[in-house]
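Below: the structure, in structure tokens.
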There are 2 protein chains.
Amino acid sequence: TIVRRVVDTLLPLRDYTGVHVLVTAGPTREPLDPVRFLSNRSSGKMGYAIAERAQRRGAKVTLISGPTSLAVPPGVNVVWVETSHEMLAACQSHFQMCDLFIAAAAVSDYTPAQRAPHKLKKSERDGDIVLTLRPTPDILATLARQKGPHQVVVGFAAETENLLEHARHKLEAKQLDLIVANDVTQEGAGFEKDTNVVTLLWPDGRQEPLPLLPKSAVADRLLTAVRPLLKARPLEPDAGT
Amino acid sequence: TIVRRVVDTLLPLRDYTGVHVLVTAGPTREPLDPVRFLSNRSSGKMGYAIAERAQRRGAKVTLISGPTSLAVPPGVNVVWVETSHEMLAACQSHFQMCDLFIAAAAVSDYTPAQRAPHKLKKSERDGDIVLTLRPTPDILATLARQKGPHQVVVGFAAETENLLEHARHKLEAKQLDLIVANDVTQEGAGFEKDTNVVTLLWPDGRQEPLPLLPKSAVADRLLTAVRPLLKARPLEPDAGT
């Protein structure tokens, strides 16, 4: 109806009211010693944008964040972590309560096998040193395996080559409900940027490439794509408002 | 005289007028691949505070900065770098022009021996990987060796044990004019904090421990301690203003 369309246009979308969204964001840091660490270029902007948009659309949002320099979106409950092990523990303790888990963090997949209690000294200028790196637990796969029938799990695949192939493999191997494929080498996409270029992939083979958009708009398109998957919740856009 | 004391109190100190100060700040990042890097906990706050205070005291300041989330102090010329090799190159190209070089950056002393052109894939979940790390050039020692008779070179020693011993060794081995010893494990000191606890060490054996102070006050105490070493420049506090 016309009235409905006018209402939809004028009122902010509250289609996530009553939905508990758990989002991870940012990098993790894997310490070699008290001073040095292994990390990655994630700024946290994509995950923070998802948290902010979900909260605006009515969700109760818990954001599990690695170290970033971003402001926490108003109304979002944040849990700070540093290492991949801390991020896994925080996810484990919040996962049962959530309806939707979106893993936007760039979790280190390797961590130093040993952590020195004191800053490593460079004794000689010329010698190489050898660092053994151990795989970290796969947070996304671990939580996806624990998924209840009412829960939806969404992953990100940040890749620098063979984007869609790697992303579809990850979607299937981890039994996700949706994956966001993100070619981080593309102009205007990926880490530290305010815009992104992604493709959404579903398990049934469907895929939807999105144009270059601000990360807040990518977050909104993602939340709109995910909303019908939340079957246990009312689908009406104004439900619960 | 009384007039002089009143003037000193009321007017901002401009004792670095005509002095060109080169400061390094922040961490460096040493890439393993397009996404991952090795870095450290330096926030850049100490180096930025030195740049800001030196500029306020009349110096022409060039700040060579690794990745930080800090605002550049007004009036300071900033050169952005990422790796230790880029920081060395930037220092080399600015060193000849400076009267005072203060190396406050936490330069990575190791870098991955190989850099993968694409994001490393974790093919198997269980296998450790071995990373070879190679020593980086020692920027402070390199520049100190190139020091002209009018130039003063100041280093930092961020340590987690045997602080003064390590610092004095570095002061002598690199032939610095002054070193700032910084126990980064101490409460209220070191990386990511707004305060610091340091000891200044001179080559003649003198040392001066400073109390817990805001980093801007540490910067001022350091600049005051260094000023008499700049022998080629007039020592009067109001010279050149």
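Chain letters run A, B, ... following the sequence lines, proteins first, then strands; residues in each count from 1.
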Rounded distance (nearest 0.5 Å) linking atom CG of Leu143(B) with atom CD of Gln92(B): 5.5 Å
Shorter than 4.5 Å, heavy atoms on both sides: which option in Ile129(A), Val184(A), Leu38(A) has the most such pairs with chain B? Ile129(A)
Separation between CZ (Phe37(B)) and CG (Leu32(B)), nearest 0.5 Å, reads 10.0 Å
Of the listed Arg29(B), His166(B), Glu159(B), the one with the largest count of heavy-atom pairs under 4.5 Å with chain A is His166(B)
Looking at Asp33(A), Thr132(A), Val35(A), which makes the most heavy-atom pairs under 4.5 Å with chain B? Val35(A)
How many angstroms lie between atom CD1 of Ile64(A) and atom SG of Cys91(A), to the nearest 0.5 angstrom? 4.0 Å
Could you tell me if Glu30(B) and Ser84(B) have a donor-acceptor pair between their side chains, going purely by distance under 3.5 Å? yes
